[in-house]
Amino acid sequence: MKTNIVLIGMTGSGKSTIGEKLSQQLGMPFKDIDLFIEHTTKQSIPELFEVSEAHFRAIETKACKKIAATEKHTVISCGGGVVLNPENIQALRKTGWIVFIDRPIEHIIKDIEIAHRPLLKEGKNKLYQLHEERFSLYQKAADFRVENQSTLEDVLNDIKTHLPETITHKRRR
């Protein structure tokens, strides 16, 4: 049974901010997969990428499978590249509704901090390439898409209208 809410989308799309607030509103725990990876490996995401992107992606897949198998009634924020491996989405879909947080790339570029984002070490323009590579994967993976172009409250309300009542009403405080 699906009890989790899984947020996917580009880096800088607002998944963590939205996820934290959504979890508070619904009375559900919040889990950020990147923070989970850093905690369990005792290494930062940039350090893991220094070994190689493939190394990080293998760890990410293990984390997705573990979280999908152990978390219930949880809001889960994924890293931007989680859609690159279909195994990640398959695992997360088993227990969660997948929500694509779609924020216009121009908005992301305006305010993203790139210091701790290894794939953006070449600069913010790399976002255009990543967006082109991943956009169709986000669409394919998602149960539904929510645009992040207005207020946080509007985005949260949009997400809640798409979720089944068993998630939005049962867990409310």
Side-chain angles (χ1 to χ4, degrees), residues 2-39 44-46 60 63-64 67-68 71-84 88-89 92-93 95-120 123-128 130-173:
K2 293 184 180 192
T3 64
N4 295 326
I5 302 167
V6 180
L7 306 179
I8 63 170
M10 285 292 294
T11 187
S13 63
K15 299 177 302 283
S16 294
T17 301
I18 292 165
E20 286 179 11
K21 187 69 173 172
L22 185 64
S23 72
Q24 291 168 6
Q25 287 186 356
L26 297 177
M28 299 169 73
F30 174 71
K31 181 80 70 172
D32 182 302
I33 290 181
D34 283 350
L35 294 178
F36 174 81
I37 289 169
E38 289 183 338
H39 178 76
S44 70
I45 301 299
E60 181 180 55
C64 287
I67 286 170
E71 297 295 327
K72 304 292 180 243
H73 302 286
T74 301
V75 177
I76 301 165
S77 173
C78 299
V82 75
V83 294
L84 297 174
N88 298 339
I89 299 303
L92 293 164
R93 181 180 307 288
T95 60
W97 298 95
I98 307 210
V99 182
F100 171 24
I101 305 297
D102 185 10
R103 184 172 182 219
I105 194 73
E106 296 78 21
H107 294 194
I108 295 172
I109 285 178
K110 269 195 308 191
D111 62 15
I112 192 168
E113 177 60 49
I114 63 172
H116 300 294
R117 300 180 192 263
L119 288 178
L120 301 182
K124 291 182 179 183
N125 284 333
K126 174 77 172 177
L127 279 168
Y128 289 108
L130 294 174
H131 186 264
E132 188 170 313
E133 291 170 1
R134 297 176 179 178
F135 189 81
S136 65
L137 296 174
Y138 295 133
Q139 289 180 305
K140 182 180 174 188
D143 290 306
F144 60 92
R145 177 179 150 262
V146 172
E147 290 187 16
N148 182 9
Q149 305 192 65
S150 58
T151 68
L152 179 57
E153 283 306 313
D154 286 345
V155 174
L156 294 167
N157 288 333
D158 195 7
I159 292 170
K160 290 185 283 190
T161 62
H162 285 89
L163 293 168
E165 280 191 27
T166 54
I167 290 181
T168 59
H169 288 70
K170 184 177 178 185
R171 303 297 300 176
R172 228 178 243 164
R173 290 179 178 163

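Note that the numbering runs from 1 along the sequence shown for the chain. What you see is a predicted model, and the numbers here were worked out from it, not measured in a lab.
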Query - Lys/Arg-Asp/Glu bridge criterion (N-O < 4.0 Å) met for Arg93, Asp143 - result: yes
Report summary line: Sorted by chain and residue number, the ring pair (Phe, Tyr, Trp, His ring centres under 6.0 Å) partners of His162 (sequence neighbours excluded) come out as Phe144
Report summary line: Exactly one candidate in Gln139, Arg145, Gln149 meets side chain to side chain donor-acceptor pair (under 3.5 Å) with Asp102; the answer is Arg145
Report task. State, with a plain yes or no, whether a side-chain heavy atom of Leu26 is found less than 4.5 Å away from one of Lys160. Result -> yes
Report summary line: Heavy-atom nearest pair, Cys64 first then Val82, reads SG-CG2, 3.5 Å
Query raised in the report: Taking atom CD1 of Ile108 and atom CE of Met10, what is their separation to the nearest 0.5 Å?
Result: 5.5 Å
Query raised in the report: So how far is it from Ser136 OG to His131 NE2, rounded to the nearest 0.5 Å?
Result: 10.0 Å
Requested in this report: Could you please spell out the steps behind the side-chain contact (heavy atoms from CB on, under 4.5 Å) verdict for Thr3 and Lys72?
Outcome: CA-CA 6 Å; Thr3 64; Lys72 304 292 180 243; 3.9 Å; yes
Query raised in the report: Between NZ of Lys21 and OG of Ser16, what distance do you get to the nearest 0.5 Å?
Result: 15.5 Å
Report task. Please report the C-alpha distance between Ile8 and Leu92 in whole Å, then the side-chain angles of each, then the deciding distance to 0.1 Å, and finally whether the side-chain contact (heavy atoms from CB on, under 4.5 Å) criterion is met. Result -> CA-CA 11 Å; Ile8 63 170; Leu92 293 164; 5.8 Å; no
Query raised in the report: Do the side chain of Ser23 and the main chain of Glu20 share a donor and acceptor less than 3.5 angstrom apart?
Result: yes
**Report entry** Heavy-atom pair of closest approach, residues Phe100 and Ala142
**Finding:** CB-CB, 3.5 Å
Report summary line: Rounded to the nearest 0.5 Å, the CH2 atom of Trp97 sits from the CG atom of Leu163 at a distance of 8.0 Å
Requested in this report: Please test Ile98 against Leu7 for side-chain contact (heavy atoms from CB on, under 4.5 Å), starting from the C-alpha separation and ending with a verdict.
Outcome: CA-CA 6 Å; Ile98 307 210; Leu7 306 179; over 6 Å; no
Requested in this report: Heavy atoms only: give me the nearest Asn148-Gly14 pair and the separation to one decimal.
Outcome: ND2-CA, 4.1 Å
Requested in this report: Start with the C-alpha gap between Ile5 and Ile76, add the side-chain angles, then the distance that decides, and say whether side-chain contact (heavy atoms from CB on, under 4.5 Å) holds.
Outcome: CA-CA 6 Å; Ile5 302 167; Ile76 301 165; over 6 Å; no
Report task. Measure from the side-chain N and O atoms of Thr74 to the backbone N and O of Glu71, and report whether any donor-acceptor pair falls under 3.5 Å. Result -> no
Query raised in the report: Considering all heavy atoms of both residues, which atom of Ile18 and which atom of Ser13 are nearest to each other, and what is their separation?
Result: CD1-O, 4.4 Å
Requested in this report: Of all the heavy-atom pairs spanning Ile37 and Ala63, show the shortest one and how long it is.
Outcome: CG1-CB, 3.7 Å
Report summary line: When every non-hydrogen atom of Ser77 is compared with those of Lys15, the smallest separation belongs to OG-CB, 3.4 Å
Report task. Please indicate whether His107 has more than 12 foreign heavy atoms, meaning atoms of other residues, nucleotides or ligands, lying under 6.0 Å from its NE2. Result -> yes
Requested in this report: Nearest 0.5 Å please: distance from the OG1 atom of Thr11 over to the CZ atom of Arg103.
Outcome: 10.5 Å
Requested in this report: Report the residues that fulfil side-chain contact (heavy atoms from CB on, under 4.5 Å) with Thr151, sequence neighbours left out, ordered by chain and then residue number.
Outcome: Glu153, Asp154
Requested in this report: Verify the distance criterion only: is there a donor paired with an acceptor across the side chains of Thr95 and Asn4 at less than 3.5 Å?
Outcome: yes
**Report entry** Nearest-0.5 Å distance that lies between atom CG in Leu127 and atom CD in Glu132
**Finding:** 13.0 Å
